Trainee: 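Before anything else, here's the structure in question.
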Amino acid sequence: IEDATGDANDEKMNAAVMDSSNNIYIVGTTKGKYDGSTSATGFDAYVGKYDSGGNRLFTQQIGGESNVDDIGEAIAVDSSGNIYFAGENTGNNMMGAVTNQGQKDIFILKYSPPDSTIQFFAQIGSSEIDDVNALLVSDDGYLYVIGYTPGNITYPISVTNNGAGASNFGDILVAKY
């Protein structure tokens, strides 16, 4: 694939996966306008899909409020072609829905084919810096979000971190949707 999607600002790809038809899905972060999208300033997350010939099939830039960072970190695709995309945000109003719970929260999006409309949005957060590292889709259709949190999760449910408050030690986070 030879593609210089983006603008004169900084773009970074953080993860990629391939489906059974050899389509390539990427996720990352841009400081500018990814594939002509509108930037909210700060860093915005993006997701893209390319066919096996390197042709761009779908791109989307996602950001919350101005001057905050939204970082795309993980991506997965299920057998029906649904795209699961996750990352972290530092501001409010991600997808116009949720207030940030702390310094950095985890967000999860699901796009469905053929037009890649958003089917699902969720946010997980504590008062600390929460990170997502991977997404996995099981054969029976469940999405697993794997990450890390040094705080007690306060949204959407309350989960106590065994290491919270102890020199900011954190715990592994596994959420099932």
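In what follows, residues are counted from 1 in the order of the sequence shown. Note that the coordinates shown come from a computational prediction; the quantities given were computed from them, not determined experimentally.
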Trainee: So, S138 and D140: side-chain donor and acceptor under 3.5 Å apart, yes or no?
Mentor: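 Yes, because at least one side-chain N or O of S138 sits under 3.5 Å from a partner of the opposite role on D140.
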Trainee: Carefully, step by step, assess I108 and I124 under the rule side-chain contact (heavy atoms from CB on, under 4.5 Å).
Mentor: CA-CA 8 Å; I108 306 113; I124 303 170; 3.9 Å; yes
Trainee: Step by step, would you call K49 with V77 a side-chain contact (heavy atoms from CB on, under 4.5 Å)?
Mentor: CA-CA 11 Å; K49 176 181 178 181; V77 180; over 6 Å; no
Trainee: Looking only at heavy atoms, what is the nearest atom pair of E73 and A15, with distance?
Mentor: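 What the structure gives for the nearest pair is O-CB, 3.5 Å.
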Trainee: Taking D130 for its side chain and T149 for its backbone only, find out whether a donor-acceptor pair lies under 3.5 Å.
Mentor: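 Answer holds: no.
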Trainee: Hey, could you give me the OG/CG distance between S79 and D139, rounded to the nearest 0.5 Å?
Mentor: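 If I round to the nearest 0.5 Å, the distance is 7.5 Å.
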Trainee: Hydrophobic clusters here meaning ILVMFWY residues chained together by side-chain heavy-atom distances under 4.5 Å, can you tell me if Y111 and V17 are in one?
Mentor: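 Per the 4.5 Å side-chain linkage, Y111 and V17 are co-clustered.
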Trainee: Please work out which of the three classes, parallel, tilted or perpendicular, describes the rings of F107 and F121, given edges at 30° and 60°.
Mentor: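 Rings of F121 and F107: parallel, under 30°.
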Trainee: For I71 and A45, which heavy atoms make the closest approach, and how far apart are they?
Mentor: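 Looking at all heavy atoms of both residues, the closest pair is C-CB, 3.9 Å.
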Trainee: Nearest 0.5 Å, please: how far is CG in N14 from CG in N133?
Mentor: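 That separation rounds to 11.0 Å.
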Trainee: Hydrophobic clustering (ILVMFWY, side-chain heavy atoms < 4.5 Å, transitive) - are I118 and L57 grouped together?
Mentor: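 Different clusters.
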Trainee: Side chains of D19 and Y25: is there a donor and an acceptor less than 3.5 Å apart?
Mentor: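 Judged by distance alone, the side chains do pair up.
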Trainee: As an exercise, state the distance from CG of N23 to CG of N55, rounded to the nearest 0.5 Å.
Mentor: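 Separation between the atoms: 10.5 Å.
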Trainee: Go through V47 and L109 one step at a time and tell me if the side-chain contact (heavy atoms from CB on, under 4.5 Å) criterion holds.
Mentor: CA-CA 10 Å; V47 60; L109 285 162; over 6 Å; no
Trainee: Please check if the distance between the ring centroids of Y177 and Y84 is under 6.0 Å.
Mentor: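 Here the rings of Y84 and Y177 have centres that are no less than 6.0 Å from each other.
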Trainee: Is there a continuous path of hydrophobic side-chain contacts, each under 4.5 Å between heavy atoms, that joins V137 to V132?
Mentor: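 Both belong to a single hydrophobic cluster.
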Trainee: Within this structure, what is the CG-CZ distance for the pair D51 and R56, rounded to the nearest 0.5 Å?
Mentor: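 Between atom CG of D51 and atom CZ of R56 there are 11.5 Å.
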Trainee: What's the separation between atom CG in N89 and atom CZ in F43, rounded to the nearest 0.5 Å?
Mentor: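 Here the interatomic distance stands at 15.0 Å.
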Trainee: For D131, which residues count as a salt bridge (charged side-chain N to carboxylate O under 4.0 Å, His left out) partner, sequence neighbours excluded?
Mentor: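 If we apply the salt bridge (charged side-chain N to carboxylate O under 4.0 Å, His left out) test to D131, skipping adjacent residues, the hits are K104.
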Trainee: For the residue pair I26 and I75, what are the closest heavy atoms and their distance?
Mentor: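 So the two residues come closest at O-CD1, 3.7 Å.
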Trainee: How is the hydrophobic cluster of Y142 composed, in terms of its other members, when Ile, Leu, Val, Met, Phe, Trp and Tyr link through side-chain heavy atoms under 4.5 Å apart, directly or indirectly?
Mentor: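 Reading the cluster by chain and number, Y142 sits alongside L136, Y144, I146, I172, V174.
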Trainee: As an exercise, state the distance from CD1 of I24 to OG of S52, rounded to the nearest 0.5 Å.
Mentor: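 Reported value, rounded in 0.5 Å steps: 8.0 Å.
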Trainee: Looking only at heavy atoms, what is the nearest atom pair of A122 and F120, with distance?
Mentor: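 Heavy atoms only, the tightest pair is CB-CZ, 3.5 Å.
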